[in-house]
There are 2 protein chains.
Amino acid sequence: MNTMTATPSPFSPADRPQLGLRERKKIKTREAIRTATYALVKEQGYDATTIEQIAERAEVSPSTVFRYFPTKEDIVITDEFDPIILDELRARPADEPWMVTLRYVMRKAIQFGLKEDEETSRLRSHLMVQVPAVRSRMMESMSVTGNMLCQAIAERTGRDPESLEVRVYAMSLIGGLMEASLYWAESGHQGEFSDLVERAMDVLEHGLSE
Amino acid sequence: MNTMTATPSPFSPADRPQLGLRERKKIKTREAIRTATYALVKEQGYDATTIEQIAERAEVSPSTVFRYFPTKEDIVITDEFDPIILDELRARPADEPWMVTLRYVMRKAIQFGLKEDEETSRLRSHLMVQVPAVRSRMMESMSVTGNMLCQAIAERTGRDPESLEVRVYAMSLIGGLMEASLYWAESGHQGEFSDLVERAMDVLEHGLSE
DNA sequence: CCATGAAATGAGAGTAGCTCTCAAAAGATG
DNA sequence: CATCTTTTGAGAGCTACTCTCATTTCATGG
């Protein structure tokens, strides 16, 4: 749902021979660090996993780890959904009701996210519940997603993306959706996440009234 | 808007002679640490201010600082609004429309918060904008406020406070209000905060439609 | 008022996240 | 192959944060 660093879209490095050896190595290193981190966290838990261990398993130096990710939490939470979601939002017809668009795009994003690596996305939301630092960082990255949403809403409605109204609206959406994914993780990932999101959207659209 | 530690309500220590010397000293120390921190942050900025400096100015040891506040950010963000807001919410007549209640209570909370120490609450929201770590922690503490809101909403509507619907609704409210205060700080605290909150409430109630 | 017990404090050592610098290694370029 | 640029590794250094233990400070019953 967020990305601070401009992660290239999810294709394996081999798919892009047009990139120089340098670029390909960078992508490899990045993935190696992430893979190593996920594995270690699965084995020992988040706090018990140190940067040194991550560096060792990824076969890079600790300095390099920090060159690729500003903080330890970022190794875990970074994803590349935002640009995809933005594209999808823009691709919808302009006269479609906003909520219909939103539901459609969210459903698609969830499909995409779960398909790519189900276990990883579960681990991620699990960490969000268990590790305060990760949750914090995750929430902060929401504001990036929020800005993107503001942009999309502004384009759609002709409002100023920086206006209080648009920003409040976007953040309330994101807050609600965030809570839905927390709920999902807290309840041990029971049921379909997409169902929860549908219910969350109902609340966001109509309030608690009904 | 939040409190992780159970700060006693805002009365000067002298007002409560029924407390033992020990308790009164604890309150004094807590306030000394906070005062020292605010002063140093105003002088040098947040990052440049170290725990050692804070300890020195508050005339306690660094260990003591950590005994009173789990993290450096907590020294800055902790406040004691949650219980007050909860009480106010409960004090409203049960048949009053929910949004009316909410607007009333928010207005009151803002009055209270600004009156107590205007400059401090400005500094706080300023830090929220400027220092990522503070913003993160602030956002996380929102979930505490969120739980409180769930409780209040549940009591009012007879729903389960743990239900997805209530939780999503609460967090969307909080996300929106949070954004309003960020907006206020980003625009240099122009205008009345309460006006911004009114506008935010309009959006939260009716969406962007009108 | 003093003795005993409990709580708060200070001192200090230790861990780990994160930053910065500089020299060595590896890829790009002509 | 030579040169230039980018990436990496090594290591020192800072600081938030934790833990332990001895010392001091307050509370309490006699």
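The chains referred to below are lettered A, B, ... by the order of the sequence lines, with proteins before strands, and numbering in each begins at 1.
- Within the structure, every side-chain polar atom (N or O) of A:Thr64 is placed at least 4.0 Å from both OP1 and OP2 of D:dT8.
- Between A:Ile54 atom CD1 and C:dA16 atom P the separation is 12 Å, expressed in whole Å.
- Atom P of nucleotide C:dG17 and atom CG of A:Leu40 are separated by 12 Å, given to the nearest angstrom.
- Summarising the geometry, the separation between CG on B:Asp47 and P on C:dC20 is reported as 11 Å, rounded to the nearest angstrom.
- For the pair A:Thr50 and B:Glu59, both in contact range of DNA chain C, the more 5′-proximal nearest nucleotide belongs to B:Glu59.
- Rounded to whole angstrom, the span from the NZ atom of A:Lys28 across to the C1' atom of D:dT7 amounts to 16 Å.
- Ranked by how close their nearest DNA chain C nucleotide is to the 5' end, A:Pro62 and B:Pro62 are led by B:Pro62.
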Q: For salt bridge (Lys or Arg N to Asp or Glu O under 4.0 Å), just list the numbers for A:Glu140 and A:Arg137, CA-CA rounded to whole Å, side-chain angles, deciding distance to a tenth of an Å, and then say yes or no.
A: CA-CA 5 Å; A:Glu140 205 201 320; A:Arg137 202 92 187 73; 3.3 Å; yes

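- Rounded to whole angstrom, the span from the CZ atom of A:Arg24 across to the P atom of D:dT6 amounts to 19 Å.
- For the pair A:Lys26 NZ and D:dT5 C1', the computed distance is 12 Å after rounding to whole Å.
- If you take NZ of B:Lys72 and C1' of D:dC14, they are 12 Å apart, rounded to a whole angstrom.
- For A:Glu73, the listed nucleotide lying nearest its side chain is C:dC18; candidates were C:dA28, C:dG10, C:dC18.
- Interface remark: the A:Arg67 side chain does form a donor-acceptor pair with the D:dG9 base, using a distance-only criterion of under 3.5 Å.
- Comparing B:Ile51 and B:Glu23 by the nucleotide of DNA chain D whose heavy atom lies nearest to each, the residue mapping closer to the 5' end is B:Ile51.
- If you take CD1 of B:Ile27 and P of C:dA7, they are 18 Å apart, rounded to a whole angstrom.
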Q) Given B:Arg167 and A:Glu186, is the salt bridge (Lys or Arg N to Asp or Glu O under 4.0 Å) satisfied, shown in steps? A) CA-CA 12 Å; B:Arg167 285 179 52 179; A:Glu186 277 178 20; 3.0 Å; yes

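- Taking both residues in full, the closest heavy atoms of B:Glu192 and B:Trp184 are given as C-NE1, 4.4 Å, listed atom of the first, atom of the second, then distance.
- Under 4.0 angstrom from either OP1 or OP2 of C:dT9 there lies at least one side-chain N or O belonging to B:Thr29.
- For B:Arg22 against D:dT25, a side-chain N or O and a base N or O form a donor-acceptor pair under 3.5 Å.
- An OP1 or OP2 oxygen of D:dC26 is reached within less than 4.0 angstrom by a side-chain nitrogen or oxygen of B:Lys25.
- For A:Glu56, the CD atom counts as loosely surrounded, since its 6.0 Å shell holds 12 or fewer non-hydrogen atoms of other residues, nucleotides or ligands.
- Using modelled atom types and a 3.5 Å distance limit, the side chains of B:Thr101 and B:Arg156 yield a donor-acceptor pair.
- Note on A:Ser63: a base of the nucleic acid sits closer than 4.0 angstrom, heavy atoms only.
- Remark: A:Tyr68 is in phosphate contact with D:dT8, judged by side-chain N or O atoms under 4.0 Å from OP1 or OP2.
- Remark on DNA chain D: of its neighbouring residues B:Leu21 and B:Thr71, the 5'-side contact belongs to B:Thr71, judged by nearest-heavy-atom nucleotide.
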